[in-house]
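Quick notes on the structure that follows.
All of these numbers come straight from a predicted model, not from anything done at the bench.
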2 protein chains.
Amino acid sequence: MDTDPRTAQRSTAERRRRELLEAAERVVLRDGPGASMNAIAAEAGITKPILYRHFGDKGGLYRALAQRHTDALLESLRAALDAPAERRERVEATLDTYLTAIEAHPQVYRFLMHPAEDAETEQGFDVGHHSAPLLRRLGEELAVFIEERLDLGPGSEELARVWGHGIVGMMHAAGDWWLRERPCPREQLVSHLADLLWGRLAAAADRAGRPTF
Amino acid sequence: MDTDPRTAQRSTAERRRRELLEAAERVVLRDGPGASMNAIAAEAGITKPILYRHFGDKGGLYRALAQRHTDALLESLRAALDAPAERRERVEATLDTYLTAIEAHPQVYRFLMHPAEDAETEQGFDVGHHSAPLLRRLGEELAVFIEERLDLGPGSEELARVWGHGIVGMMHAAGDWWLRERPCPREQLVSHLADLLWGRLAAAADRAGRPTF
DNA sequence: CAAAATGCGTTACCGCTAGTAACACACCTG
DNA sequence: CAGGTGTGTTACTAGCGGTAACGCATTTTG
């Protein structure tokens with residue numbers, strides 16, 4: 001059985017690749033992003049060199065593994081951002097989508113945010129290069145969206161990019177903290193962040209007895 | 001020479017520790033945060049076990065190394081945040097202080113933000129634990145500051161903490177991106193971020209031909 | 001049908017890392 | 001002079017990412 005040459009011929013490579021990715025995912029979800037290639041190979045029932053033949057190096061495997069989830073998350077975020085509703089509603093929906101995702105699969109989230117820490121050992125000067133590529137992609141996508149939809153006057157492209165990365169960073173940091181401490185329900189966090197983006201920081205009054213000088 | 005027992009008795013330990021930290025700093029600034037204990041020991045002119053006697057493990061050394069810069073940065077940020085000026089000016093001064101610091105010493109910044117990646121190999125469930133402790137500290141400090149100074153009505157503590165972490169995350173992400181791509185002068189980045197915090201996102205008009213629905 | 005080429009899998013290794021055990025020398029103290 | 005105490009060393013472990021070299025089955029070719 002299973003000795004049919006046609007199916008084996010073309011599907012073995014891709015199927016094996018999918019199987020390996022699934023095994024890798026299981027291990028990463030269990031052991032965190034520090035999972036070793038040995039452990040992944042063992043989980044897949046094979047040995048290390050096969051992994052390296054398929055993915056080149058650890059970074060390659062992690063990149064392949066990240067892309068699945070990244071694409072899915074980006075798609076749902078785009079949908080929330082693009083929904084037919086008031087701007088504030090859309091912003092809240094997008095924040096909520098992100099937070100729901102990281103809440104549902106915290107291990108995936110953890111992995112996605114730090115996929116290839118020390119992959120390339122460039123001793124150069126490229127500061128920040130280690131930071132999560134997903135966050136950068138999110139920031140760039142949001143920047144494009146803002147620039148397309150909002151009328152920000154002259155220099156709008158630059159402004160949109162600053163805002164894109166800034167807002168994504170805000171969402172990420174707040175989400176990270178919230179996921180760890182769980183100080184309030186998700187809806188409240190969403191509302192607080194939207195308030196911040198809506199200028200409530202500027203509008204708030206100083207505390208009594210503490211004049212601004 | 002240098003055989004005086006009094007000085008040797010009490011100062012050797014602390015002095016050695018300072019020397020080791022300075023050597024470690026030199027290596028980390030040269031090789032990045034992935035610097036090995038062997039390299040640090042060699043730079044200090046000694047061998048590994050001495051490092052481990054002084055700092056326990058790599059995380060300990062990194063924590064000791066981080067504290068120096070962290071304290072200095074926190075102090076200047078507090079000063080900027082506390083200056084006698086309008087709120088917007090203070091916010092801009094604080095952002096500018098942070099960006100100036102990371103611009104002046106990008107290697108230090110890179111090290112501070114990711115000090116102990118894989119230090120503890122807890123396979124538990126503490127998502128986000130890997131994230132930079134400095135950012136968390138910044139977020140908490142800013143939260144306290146906001147809660148002390150602003151009148152945010154009921155639930156102000158929770159709101160302040162969300163904002164603290166959110167604003168710090170915004171600053172961090174934008175700074176990281178800016179430092180890598182250098183798309184604009186620092187003053188402009190500061191201004192754009194302050195605009196974002198001042199509600200310009202909410203106030204902006206939709207682009208023509210693209211109604212909100 | 002035999003022989004060569006090709007792909008999947010293995011074992012065994014390299015150089016590196018963090019971290020440690022065990023030993024050697026100097027010194028101050030009784 | 002004996003004995004702790006601290007400072008340093010060498011030599012090691014276990015595990016990591018990654019690779020070279022080989023075994024075996026299957027397919028392709030003469």
Self-check item: Quiz item: A:Arg53 side-chain donor-acceptor pair to C:dG7 base, under 3.5 Å
Solution: no
Quiz item: Distance only, no hydrogens: is a donor on one side chain within 3.5 Å (strictly under) of an acceptor on the other, for B:Arg186 and B:Thr100?
Solution: yes
Quiz item: Hey, does the side chain of A:Arg16 come within less than 4.0 Å of C:dG9's phosphate (OP1/OP2), counting only N and O?
Solution: yes
Quiz prompt | Side-chain donor/acceptor contact of A:Lys58 with base of D:dG18 under 3.5 Å | solution = no
Quiz prompt | Spacing between B:Leu61 atom CG and C:dG19 atom C1', to the nearest angstrom | solution = 13 Å
Quiz item: Rounding to a whole Å, what distance do you find between B:Met37:CE and C:dT17:P?
Solution: 12 Å
Quiz prompt | For atom CZ of A:Arg17 and atom C1' of C:dC8, their distance in whole Å | solution = 17 Å
Quiz item: Distance under 6.0 Å and angle within 45° of the ring axis: does A:Arg182 meet both against A:Trp178?
Solution: yes
Quiz item: What integer distance in Å separates B:Ile50:CD1 from D:dG6:P?
Solution: 15 Å
Self-check item: Distance in angstrom units between A:Lys48 NZ and C:dC13 C1', rounded
Solution: 10 Å
Quiz item: So A:His165 and B:Trp177, would you call those rings parallel, tilted or perpendicular, with 30° and 60° as cut-offs?
Solution: parallel
Quiz prompt | Nearest-Å distance for atom pair OH/C1', residues A:Tyr52 and D:dA20 | solution = 14 Å
Exercise. Whole angstrom is fine here: how far is it from CG in A:Asp57 over to C1' in D:dC16?
Key: 14 Å
Quiz item: Roughly how many Å is it from CD in A:Glu14 to P in C:dC8, rounded to a whole number?
Solution: 12 Å
Practice problem: Indicate whether OP1 or OP2 belonging to D:dG8 is found under 4.0 Å from a side-chain N or O atom of B:Thr47. | Solution: no
Quiz prompt | Within the 6.0 Å centroid threshold, strictly below: B:Phe111 and B:Tyr62 | solution = yes
